[in-house]
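Positions are given from 1 along the sequence.
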Amino acid sequence: MKKPAPKENNTQASKPKKRNIAIGRYIIPIATALVVVIVSAAAITLRNRTSTTPQNVAAQPSPTVLPPNIIPLPSPDYRSNNSIEAVLHSRRTKREIKPDQLSLKQLGQMLWAAQGVTTDWGGRTSPSAKSTYPLTIYFVVNNVDKLENGVYQYIPGDRVPAHQVTPIKLADFKDQIFKITNDYSLKEPPVMAIVAGNMAKMADAYGGVPHTKEVYLEAGHASENMYLQAESLKLGMVVISTFDAAKIRDLLSIPVKDELIYLIPIGYPVE
């Protein structure tokens, strides 16, 4: 008589199954949490990237980057402690100018007085026939804070005020200018302004008919503004109209289109 076959030990076989079921219970929550973390990280990365898109950057005003040869001037002042009547009463020509340094602010205020833009349609501090504005103000720096010695051009702006300067030729011209002019007022001023006029530009405004008189009159308007501004700033100046324009032009590399009208030394007057 055969003995019955021994029964399998179901207790031992069921243990791995229970262990697998227990592990499975933990894998699903862990995997879910991992997916949430990955999705969240991706969303944060995408948000950071989209925050620098051109659309969002446009909402922030970007700084104006000027070309390296353009130098902005400090904003001009529109008020002072001097009345127009006071400076008219005390205005005098000062022929003896000290070599003492001027600030960029003082220089900018003088240039603005001559040709600064004051309206949204391009009007300037000086009147101009047919709003032509044929004048250009050049200036030679001998001793101005933050500017190298040399010749510069004032950029007033067109319809929008620019109030900037640009260098034309950097060098020390003081001795050469004095040698050409033999004028003691030009021996060592910190700044020498040059009022120049484009005669062809004014003629174009009159249909091709020359109107040089209007250009010379406008140079007088601009120079008188500078006289009054200098008086307000306690500076001195003198307008010089007799000089060898060809030699000054060649020395300073001023364009042929601009006729030199005045040389104006500016600085602290010798009392």
Enquirer: Can Y154 and H163 be said to form a side-chain contact (heavy atoms from CB on, under 4.5 Å), step by step?
Expert: CA-CA 7 Å; Y154 177 54; H163 198 52; 2.8 Å; yes
Enquirer: Looking at N142 and P189, would you say the former's side chain and the latter's main chain have a donor-acceptor pair under 3.5 Å?
Expert: yes
Enquirer: Check whether any side-chain heavy atom of Y138 sits under 4.5 Å from a side-chain heavy atom of P255, and report yes or no.
Expert: yes
Enquirer: Working to the nearest 0.5 angstrom, can you tell me the gap between I264 CD1 and I137 CD1?
Expert: 7.0 Å
Enquirer: Check whether more than 12 heavy atoms from other residues, nucleotides or ligands sit under 6.0 Å from atom NZ of K146, and answer yes or no.
Expert: no
Enquirer: With distance as the sole test, does T181 use its side chain to make a donor-acceptor pair with the main-chain N or O of F243 at under 3.5 Å?
Expert: no
Enquirer: Could you go through W112 and Y78, starting from their C-alpha distance and side-chain angles, then the distance that decides it, and tell me whether this counts as side-chain contact (heavy atoms from CB on, under 4.5 Å)?
Expert: CA-CA 10 Å; W112 174 83; Y78 304 135; 3.5 Å; yes
Enquirer: Is it possible for you to say whether Y206 and L135 belong to one hydrophobic cluster, with membership spreading through side-chain heavy-atom contacts below 4.5 Å?
Expert: yes
Enquirer: For G236 and P269, work out which heavy atoms get closest and say how close.
Expert: N-CD, 3.6 Å
Enquirer: Passes side-chain contact (heavy atoms from CB on, under 4.5 Å), D183 versus T242? Steps please.
Expert: CA-CA 10 Å; D183 191 313; T242 304; over 6 Å; no
Enquirer: Quick check: closest heavy atoms across D145 and L104, and the distance to 0.1 Å?
Expert: O-CB, 3.9 Å
Enquirer: Are V151 and L251 joined in one hydrophobic group, where the rule is that I, L, V, M, F, W and Y side chains link up if heavy atoms are under 4.5 Å apart?
Expert: yes
Enquirer: Given Y268, which of Q101, Q106, K234, K94 fulfils the side chain to side chain donor-acceptor pair (under 3.5 Å) condition?
Expert: Q106
Enquirer: Check the side chains of N82 and S232 for a donor-acceptor pair under 3.5 angstrom, ignoring hydrogens and angles.
Expert: yes
Enquirer: Just wondering, are more than 12 heavy atoms of other shown residues or ligands nearer than 6.0 Å to NZ in K247?
Expert: no
Enquirer: Using a distance-only test with no angle check, is there a side-chain donor-acceptor pair under 3.5 angstrom linking H211 and E214?
Expert: yes
Enquirer: Quick check: closest heavy atoms across I254 and D258, and the distance to 0.1 Å?
Expert: CG2-CB, 4.4 Å
Enquirer: Is it the case that more than 12 heavy atoms not belonging to E148 sit under 6.0 Å from its CD atom?
Expert: no
Enquirer: When rounded to the nearest 0.5 angstrom, what is the spacing between CD in Q109 and OG in S103?
Expert: 10.0 Å
Enquirer: Tell me, do P134 and S128 make a side-chain contact under 4.5 Å, heavy atoms counted?
Expert: yes
Enquirer: Nearest 0.5 Å, please: how far is CD1 in I194 from CD1 in I248?
Expert: 7.0 Å
Enquirer: What distance separates K174 NZ from N149 CG, expressed to the nearest 0.5 Å?
Expert: 7.0 Å
Enquirer: Which of these, V141, I97, I266, sits in a side-chain contact (heavy atoms from CB on, under 4.5 Å) with P190?
Expert: I97
Enquirer: Does the side chain of W121 come within less than 4.5 Å of S131's, by heavy atoms?
Expert: yes
Enquirer: For R95, does the CZ atom have more than 12 heavy-atom neighbours from other residues, nucleotides or ligands under 6.0 Å away?
Expert: no
Enquirer: Is there a path of hydrophobic side-chain contacts, each under 4.5 Å between heavy atoms of I/L/V/M/F/W/Y residues, joining L252 to I168?
Expert: yes
Enquirer: Kindly give the heavy-atom pair with the smallest separation between V239 and S223, and that separation in Å.
Expert: CG1-CB, 3.9 Å
Enquirer: Do L73 and L111 touch side chain to side chain, with heavy atoms closer than 4.5 Å?
Expert: yes
Enquirer: Can you give me the closest heavy-atom contact between A205 and T132, atom names plus distance?
Expert: CB-OG1, 3.3 Å
Enquirer: Which residue is it: V195, V165, V144? I am looking for the one with a side-chain contact (heavy atoms from CB on, under 4.5 Å) to F139.
Expert: V165
Enquirer: Is the shortest heavy-atom distance from the side chain of Y262 to the side chain of M226 under 4.5 Å?
Expert: no
Enquirer: One pair to check against side-chain contact (heavy atoms from CB on, under 4.5 Å): Y152 and L147. What are the steps and the verdict?
Expert: CA-CA 10 Å; Y152 295 76; L147 284 184; 4.0 Å; yes
Enquirer: Among side-chain atoms of Q153 and T166, is any donor-acceptor pair under 3.5 angstrom?
Expert: no
Enquirer: Heavy-atom distance under 4.5 Å between the side chains of R249 and L260, does that happen here?
Expert: yes
Enquirer: Rounded to the nearest 0.5 Å, how far does CD1 of I261 lie from CD1 of I240?
Expert: 15.0 Å
Enquirer: Is there a path of hydrophobic side-chain contacts, each under 4.5 Å between heavy atoms, that joins L107 and I71?
Expert: yes
Enquirer: Of all the heavy-atom pairs spanning R91 and E231, show the shortest one and how long it is.
Expert: CA-OE1, 3.7 Å
Enquirer: So does K105 pair up with D77, basic N to acidic O under 4.0 Å?
Expert: yes
Enquirer: Please determine, by modelled atom types, if T93 and Y227 share a side-chain donor-acceptor pair under 3.5 angstrom.
Expert: yes
Enquirer: Got M202 and E218 here, is their nearest side-chain heavy-atom distance under 4.5 Å?
Expert: yes
Enquirer: Could you check whether any side-chain heavy atom of L235 comes within less than 4.5 Å of a side-chain heavy atom of L102, counting everything from C-beta outward?
Expert: yes
Enquirer: Would you give the length of the straight line joining atom CG of N225 to atom CZ of R124, rounded to the nearest 0.5 angstrom?
Expert: 12.5 Å
